[in-house]
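Heads up, the thing below is written out as structure tokens.
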Protein chains: 2
Amino acid sequence: MTDKKLHIINNALELFAEKGFEGTSIRDLAAKAGVNVAMVNYYFGSKEKLFESLVEERATYTRGVLDEIVNNNSYNDIEKIDRIIDSYINKWFTNRKFHRVLHREIMLNQRETLQQAIVDILYPNSLIIKGVIEAGMRKGVFRKVDAPLVIATLVGSINQILLSKRMCNKLLGKDQDYVPYEDAAFAKRLSEHLKQLMHAHLLTKS
Amino acid sequence: MTDKKLHIINNALELFAEKGFEGTSIRDLAAKAGVNVAMVNYYFGSKEKLFESLVEERATYTRGVLDEIVNNNSYNDIEKIDRIIDSYINKWFTNRKFHRVLHREIMLNQRETLQQAIVDILYPNSLIIKGVIEAGMRKGVFRKVDAPLVIATLVGSINQILLSKRMCNKLLGKDQDYVPYEDAAFAKRLSEHLKQLMHAHLLTKS
DNA sequence: GATAATTAATTAAACGTTTGTTTAATATTA
DNA sequence: TAATATTAAACAAACGTTTAATTAATTATC
């Protein structure tokens with residue numbers, strides 16, 4: 001990927017995250033990236049292919065991290081859950097614009113191939129977490145829980161915070177200038193909430 | 001509100017939920033409702049005002065229900081949480097298209113006034129739940145928890161299930177024909193997961 | 001209660017923009 | 001010299017919206 005293509009993609013990410021795919025015009029994109037409107041089609045072929053390139057380019061951003069945690073034998077099962085929580089919060093907070101683009105898109109019933117691509121990005125992570133939960137249950141360290149729904153809770157909690165700054169700040173009683181995703185103290189607060197929640201829910205004895 | 005306006009709104013809801021605001025054209029809307037394209041502007045003034053009318057028309061769909069639960073003295077604190085969970089699942093599953101429209105819109109940084117309207121719809125419900133949690137904590141029935149984040153978990157868990165059928169089914173290991181939101185057994189399953197989760201997290205003694 | 005006057009509802013067509021995309025000419029680099 | 005990059009301009013199609021004419025419904029008058 002050339003610098004120019006990356007430059008366009010990175011600028012496109014901001015606009016797509018802010019205004020959605022249909023809400024963003026190629027002229028918007030070109031203006032923001034400081035290039036001629038024809039360059040988008042010259043480099044990517046179409047607006048939709050630019051979007052796909054964006055997803056593909058950023059798709060690798062999680063791969064491997066969860067595997068490392070899961071295969072690290074110095075962690076017991078609940079510690080793995082803890083590390084996964086921190087990993088998710090850290091990664092999604094820093095890559096929140098891309099994450100927002102993914103979730104906006106997967107809510108729609110359009111652009112079938114792109115939806116599949118997004119599932120391919122997100123689902124493997126879920127599988128890894130599921131493995132940890134089931135291992136814990138087999139050993140009797142974890143209570144008998146509904147693993148897929150535990151994942152939905154974990155992911156959904158972070159998403160709820162991440163996807164609407166306005167709603168999040170309202171919930172927290174903060175004013176609208178506050179950016180929770182850039183506040184390390186808030187990341188910690190969320191992390192501790194989720195850990196406390198998962199400990200109480202999963203562990204057979206506290 | 002006349003029948004004709006309601007008819008247009010109800011058809012618009014489906015399209016907006018499926019394709020988003022920008023992704024839906026007035027010609028789409030008119031075709032789906034079986035009326036002339038000019039009727040939308042005749043009745044509502046503009047596409048944006050139609051959207052606002054839609055939100056306004058459906059906005060009252062939760063009001064009062066949570067209040068009833070909270071003010072019912074025959075429930076103790078954790079039972080109120082249980083009833084709130086069931087109420088949320090039931091209401092959001094049946095009104096899931098409207099709910100999807102709300103959440104698609106609040107993720108964007110466009111249409112400022114509409115965002116405020118959506119916050120005005122959703123936030124009062126959060127306040128009521130917050131009240132229940134804090135009352136439980138004061139009495140020592142509930143553990144010391146992060147009330148706003150508990151709400152985020154509760155709402156976020158249901159949203160995670162609700163906003164993408166594709167991702168939901170992948171998580172549950174179901175095929176894509178399955179519609180979890182129309183399956184009473186699944187509603188029960190989700191309800192029990194959330195109750196178990198909240199009991200473990202909130203109650204000082206199990 | 002029939003007829004005329006008035007208002008409301010509905011239509012097809014056109015409006016001016018904006019959209020994504022392409023072209024054909026020019027500039028840059030290899 | 002040949003390939004690549006960049007540009008301004010043009011393209012057709014789709015967009016939200018308006019118009020002007022017509023039909024339907026309502027109200028007023030006798």
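Sequence lines set the chain letters: A, B, ... in the order given, protein chains first and strands last, and positions in each chain run from 1.
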Q.
Just to verify, what does A:Glu105 make a side-chain hydrogen bond (donor to acceptor under 3.5 Å, both in side chains) with, not counting sequence neighbours?
A.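 If we apply the side-chain hydrogen bond (donor to acceptor under 3.5 Å, both in side chains) test to A:Glu105, skipping adjacent residues, the hits are A:Arg111.
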
Q. side-chain hydrogen bond (donor to acceptor under 3.5 Å, both in side chains) with B:Glu79: which residues, sequence neighbours excluded?
A.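 Here no residue qualifies.
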
Q. Residues two or more places apart in sequence or in another chain: which of them pass side-chain contact (heavy atoms from CB on, under 4.5 Å) with A:Ala135?
A.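 Checked A:Ala135 against side-chain contact (heavy atoms from CB on, under 4.5 Å); matches are A:Asp77, A:Arg138.
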
Q) What residues form a side-chain contact (heavy atoms from CB on, under 4.5 Å) with B:Lys80, not counting sequence neighbours? A)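 With sequence neighbours excluded, B:Lys80 shows a side-chain contact (heavy atoms from CB on, under 4.5 Å) to B:Ile69, B:Tyr75, B:Val132, given in chain and number order.
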
Q | Spacing between A:Lys5 atom NZ and D:dT4 atom C1', to the nearest angstrom | A |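 The distance from NZ of A:Lys5 to C1' of D:dT4 comes to 14 Å, rounded to the nearest Å.
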
Q.
Please report the distance, rounded to the nearest Å, between CZ in A:Arg111 and C1' in C:dG20.
A.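 From A:Arg111 CZ to C:dG20 C1': 14 Å.
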
Scan [range] for pairs that pass salt bridge (charged side-chain N to carboxylate O under 4.0 Å, His left out), counting only residues two or more places apart or in two chains.
range: residues 32-45 of chain B; result: B:Glu14-B:Lys32
range: residues 193-203 of chain B; result: B:Asp86-B:Lys195
range: residues 144-157 of chain A; result: A:Asp146-B:Arg189
range: residues 166-177 of chain A; result: A:Arg166-B:Glu112

Q. Going by number, which of residues 23-51 of chain B have a non-hydrogen atom under 4.0 Å from DNA chain D?
A. B:Thr24, B:Ser25, B:Ile26, B:Arg27, B:Ala38, B:Asn41, B:Ser46, B:Lys47

Q | Close residues, residues 9-20 of chain A, relative to DNA chain D [heavy-atom separation under 4.0 Å] | A |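 Residues of residues 9-20 of chain A under 4.0 Å from DNA chain D: none.
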
Hey, what are the protein-to-nucleotides 20-27 of chain D N/O distances that come in under 3.5 Å?
none

Q: Go through the structure and list residues passing salt bridge (Lys or Arg N to Asp or Glu O under 4.0 Å) with B:Arg27, not counting sequence neighbours.
A: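 Not a single residue meets the salt bridge (Lys or Arg N to Asp or Glu O under 4.0 Å) criterion with B:Arg27.
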
Q: Report yes if the distance between the aromatic ring centroids of A:His201 and B:His199 is under 6.0 Å, otherwise no.
A: no

